[in-house]
Colleague: 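Quick one: structure below, then a few questions.
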Amino acid sequence: MTSLKPWITLVAAVCAAACTSAEGAWKGTITDSAGVTIVTNTDEGVWTPGTRWTLEEELKIGTIEGAPEYQFGQIGFIAVDSHERIFVMDAQAHHIRVFSPNGTYEQTVGQPGAGPGELGAQAITLYMGPGDTLLVPDLANQRVNRYAPDGTSLGSFPLRLENGIPMAINATRTGVIAEQVRPLSLPDRPAKDSLDVIVTLGTDGTILDTLMSFEPGGTLELGGSQPRMTLFSPEPIWQLADDLRLFFGISDNYRISVYDTAGALTQIITMPFTQDPVTERDQEMVMEFFEQQVRDNVPPALHEQAIGQFRQMTRFADFYPAFASIQMGPEGSIWVQHIQSPSALSEEQLESWNFLEDIGAREWDVLDADGRFMGVMTMPPRFAPRVIVGNDVYGVWRDDVDVQYVVRFTIVGVPEA
C-alpha cells in the first residue's frame, strides 16, 4: 500500500503556503477539552498590510443648519431593515426618523407622550423584529412599543419592572430578540431568584425560550434602602449571532464562551489581557462628567442635592474590564471593543470626550469565525458604532462642536463570499 504521509505533507505545505501568502501566520493554538474547542490567541494578528480591513465613509446624515429632519438632538440606537432603510432614535426629540439607504429623509415615527404609539423620555433603544417590525423599549411608560414597517403603531406590550430590570437587548438580522433581565429585589418584595437570565422574546413580549442564567454583574446593586453603582465593575457581555449561537463573557477576563442553539458550550476564545488600574484621576474625570450632566439637565435649585446623591451612590472598581462590548461582523467575524481610560487621552481628545459614548475605545479586536485574532480595527475619531450590518458599520459621529450625525462606513477588504 502506498503511504499517504508524503501526500499529506504536500497538501499541508501547499495549504500553509496559500495561507501565508494571503495573510500572516496565526500564532495561537487550538486544542480540545472534553469536546470544547479552546482557541488561545496571542496579541499578534494575521492581517498583513495587503489583507487588513479598513473603513471607508459611505454616507453621512445630518446638518448644523438646514432642514430640521436632518438635525439631531441626542442619537440613541440605530436599526437597519431588510431594505437597508435606516431608523434613528432621537432620544431628545422622543421620536424615530426613517431614512432611505442613500440618506434621504422619509418619515418620522412616534412623538413624545404616553398615548398609543407615543414615546416617553427614556426611550433610547430600538430593534428590528420579524418582518421588519420595529420594537422600542420605553422605560418611562413601562412598555415596549411596536411599529409596522410603514411606521404604523401596532400597539405595545407591558414592560413589567417587577419581573426584573432589562439590562441589555440584542437582535439578530433574522429578527430574533434576546433580552437580559436582572431580578429587582426590594426591601418589601425580595426577588425569588438572584440570577440574571437571557431570554428570547416574541413580538408580543412573551418569553419564547431561556438561553442561559448566570450571576449578575456588580455595576448595579438594586437592593437596600438606595441603589449603589460601582463603575467598571465586571459585567456579563454577550451577543446573539444570526445562527443563534450565544457569545458570552464576564468582562473581568478576556474569555468568550460560545454556546450552540441547544445551550451547550462548544468553544472558548481567549486573548492576552493585562488589568489596568482605575486611577484617582480617572475617577475624578468621570465624576466631573456626570456632575456637568446634572448641571446641564437638572434645575439649578437641585444641583447640590443631585450631585451629592450621585457621589454617595457611586463607587469605582479597582481595575478596568477586559472589554466593553461584542458585535458580530461580516464573514462571521467577532468584534470585541477595548476599554478607554480617560486619563490616557490627550488634551485635544479630552475636549470632545463623552463618558457615555467614549468609555468604549476606538480600538476593536477582530476575530475570524473560528475565533482566531485577525487584527485591530480602529474607528475614526469621535465615531461611536451602533450596529454592524453586512459589510457596513452604522454609528454616531460628533463634530468639533458636538453636533451629531449618522454615519455609515463600509468595511473594505472583506473577501467576497
Colleague: Applying salt bridge (charged side-chain N to carboxylate O under 4.0 Å, His left out) between Glu357 and each of Arg382, Arg386, Arg362, report the one that passes.
Modeller: Arg386

Colleague: Heavy atoms, side chains only, cut-off 4.5 Å: are Ile198 and Leu246 in contact?
Modeller: yes

Colleague: Mind jotting down which residue pairs meet the side chain to side chain donor-acceptor pair (under 3.5 Å) criterion with at least one end in residues 211-220? Sequence neighbours excluded, please.
Modeller: Thr219-Glu235

Colleague: Test of understanding: with side chain to side chain contact (heavy atoms under 4.5 Å, CB included), list the residues that count as partners of Asp32, not counting sequence neighbours.
Modeller: none

Colleague: When rounded to the nearest 0.5 angstrom, what is the spacing between CD1 in Ile75 and OH in Tyr405?
Modeller: 10.0 Å

Colleague: Go through it in stages, so that I can follow the logic: the residues are Ile326 and Ile256, the test is side-chain contact (heavy atoms from CB on, under 4.5 Å), and I'd like the CA-CA distance, side-chain angles, deciding distance and then a yes or no.
Modeller: CA-CA 9 Å; Ile326 302 172; Ile256 298 172; 4.1 Å; yes

Colleague: For the atom pair CG (Asp318) and OG (Ser233), what is the distance rounded to the nearest 0.5 Å?
Modeller: 10.0 Å

Colleague: Between the main-chain N or O of Pro166 and the side-chain N or O of Glu179, is there a donor-acceptor pair closer than 3.5 Å?
Modeller: no

Colleague: What's the separation between atom CD1 in Ile124 and atom CG in Leu139, rounded to the nearest 0.5 Å?
Modeller: 8.0 Å

Colleague: Would Asp81 and Arg173 pass as an ion pair if we require N to O under 4.0 Å?
Modeller: no

Colleague: Ignoring hydrogens and angles, tell me if any N or O in the side chain of Asp260 forms a donor-acceptor pair with the backbone of Ala262 under 3.5 Å.
Modeller: yes

Colleague: Considering non-hydrogen atoms only, spot the tightest contact between Thr203 and Pro130 and give its length.
Modeller: CG2-CD, 3.5 Å

Colleague: Name all pairs fulfilling the side chain to side chain donor-acceptor pair (under 3.5 Å) condition that reach into residues 57-69, sequence neighbours left out, sorted by first residue then second.
Modeller: Glu58-Arg408

Colleague: Measuring from atom CD of Gln337 to atom OG of Ser251, what distance do you get when rounded to the nearest 0.5 angstrom?
Modeller: 12.0 Å

Colleague: Students often mix this up, so state it plainly: with edges at 30° and 60°, are the rings of Trp53 and Trp335 parallel, tilted or perpendicular?
Modeller: tilted

Colleague: Under the 3.5 angstrom rule, does the side chain of Asp358 hit a backbone N or O of Gly360 as a donor-acceptor pair?
Modeller: no

Colleague: I'd like to know if the side chain of Asp209 reaches the main chain of Leu211, judged simply by a donor and an acceptor atom lying under 3.5 Å from each other, with no hydrogens or angles considered.
Modeller: no

Colleague: Would you mind listing every salt bridge (Lys or Arg N to Asp or Glu O under 4.0 Å) that reaches into residues 93-117, with sequence neighbours excluded?
Modeller: Arg85-Glu106, Asp90-Arg97

Colleague: Between Leu126 and Ile96, does a side-chain contact (heavy atoms from CB on, under 4.5 Å) hold up when you go through it step by step?
Modeller: CA-CA 9 Å; Leu126 73 166; Ile96 302 151; 4.0 Å; yes

Colleague: Do the side chains of Thr172 and Leu244 get nearer than 4.5 Å, heavy atoms only?
Modeller: yes

Colleague: Short question: side chain of Tyr70, backbone of Ile64 - any donor-acceptor pair under 3.5 Å?
Modeller: no

Colleague: Can you give me the closest heavy-atom contact between Gly110 and Thr108, atom names plus distance?
Modeller: O-CG2, 3.9 Å

Colleague: Check the surroundings of atom CZ in Arg255: do more than 12 heavy atoms from other residues, nucleotides or ligands lie under 6.0 Å from it?
Modeller: no

Colleague: First locate atom CD of Glu56, then atom CG of Asp392, and finally report the distance between them rounded to the nearest 0.5 Å.
Modeller: 11.0 Å

Colleague: Do Asp196 and Gln180 get their side chains close enough for a donor-acceptor pair, meaning under 3.5 Å?
Modeller: yes

Colleague: The test is side-chain contact (heavy atoms from CB on, under 4.5 Å); show your working for His338 and Asp365 and say whether it passes.
Modeller: CA-CA 8 Å; His338 296 194; Asp365 292 336; 2.8 Å; yes

Colleague: Write out all pairs satisfying side chain to side chain donor-acceptor pair (under 3.5 Å) with one or both partners inside residues 277-298, taking only residues at least two apart or from two chains.
Modeller: Thr279-Asp282, Asp282-Tyr320, Asp282-Ser341, Asp282-Ser343, Glu291-Arg311, Gln292-Asp296

Colleague: Any non-hydrogen side-chain atom of Leu55 less than 4.5 Å from a side-chain atom of Met379?
Modeller: yes

Colleague: By the ring pair (Phe, Tyr, Trp, His ring centres under 6.0 Å) test, which pairs, at least two apart or in different chains, include something from residues 236-269?
Modeller: Phe214-Phe248, Tyr254-Phe323

Colleague: With ring pair (Phe, Tyr, Trp, His ring centres under 6.0 Å) as the rule and sequence neighbours excluded, what pairs involving residues 297-317 come up?
Modeller: Phe290-Phe310

Colleague: Donor-acceptor pair, Asp370 side chain versus Arg372 backbone, under 3.5 Å?
Modeller: no

Colleague: Which residue pairs pass the ring pair (Phe, Tyr, Trp, His ring centres under 6.0 Å) test with at least one member in residues 357-391, sequence neighbours excluded?
Modeller: Phe383-Phe409

Colleague: Sub-3.5 Å donor-acceptor pair from the side chain of Thr266 to the main-chain atoms of Val258, do we have one?
Modeller: yes

Colleague: Are any non-hydrogen side-chain atoms of Asn354 and Arg398 less than 4.5 angstrom apart?
Modeller: yes

Colleague: Between Asp132 and Leu134, is there a side-chain heavy-atom distance shorter than 4.5 Å?
Modeller: no

Colleague: Side-chain contact, heavy-atom cut-off 4.5 Å: Met374 with Trp26?
Modeller: no

Colleague: Which atom names give the shortest non-hydrogen contact between Met271 and Asn41, and what distance separates them?
Modeller: SD-CB, 3.2 Å

Colleague: So which pairs with a foot in residues 144-153 pass side chain to side chain donor-acceptor pair (under 3.5 Å), sequence neighbours left out?
Modeller: Arg143-Asn145, Asn145-Tyr147, Asp150-Thr152

Colleague: Distance-only, no hydrogens or angles: does the Gln111 side chain make a donor-acceptor pair with backbone N or O of His95 under 3.5 Å?
Modeller: no

Colleague: As a quick check of understanding, evaluate side-chain contact (heavy atoms from CB on, under 4.5 Å) for Met285 and Leu350, giving each step before the final call.
Modeller: CA-CA 10 Å; Met285 295 171 73; Leu350 284 173; 3.1 Å; yes

Colleague: Any non-hydrogen side-chain atom of Ile207 less than 4.5 Å from a side-chain atom of Thr200?
Modeller: no

Colleague: Check whether Asp252 reaches the backbone of Pro234 with its side chain - one donor and one acceptor, N or O, closer than 3.5 Å.
Modeller: no

Colleague: Ignoring hydrogens and geometry, is there a side-chain-to-backbone donor-acceptor pair from Glu118 to Gly115 under 3.5 Å?
Modeller: yes

Colleague: Taking atom types as modelled, is there a side-chain donor on Thr174 or Asp242 under 3.5 Å from an acceptor on the other?
Modeller: no

Colleague: Determine which pairs satisfy ring pair (Phe, Tyr, Trp, His ring centres under 6.0 Å) with at least one residue from residues 120-140, sequence neighbours left out, and list them in order.
Modeller: Phe77-Tyr127

Colleague: Output the distance between atom CZ (Arg182) and atom CE (Met167), rounded to the nearest 0.5 Å.
Modeller: 3.5 Å

Colleague: Measure up the Phe232 and Phe355 rings against each other and bin them: parallel (under 30°), tilted (30 to 60°), perpendicular (over 60°).
Modeller: perpendicular

Colleague: Please list, chain by chain and in numerical order, all residues satisfying side chain to side chain contact (heavy atoms under 4.5 Å, CB included) with Gln275, sequence neighbours excluded.
Modeller: Phe273, Phe319

Colleague: Counting C-beta onward and ignoring hydrogens, is there a side-chain heavy-atom pair between Thr270 and Val39 closer than 4.5 Å?
Modeller: no

Colleague: Can you name the side chain to side chain contact (heavy atoms under 4.5 Å, CB included) partners of Ala140, sequence neighbours left out?
Modeller: Gln122, Asp138

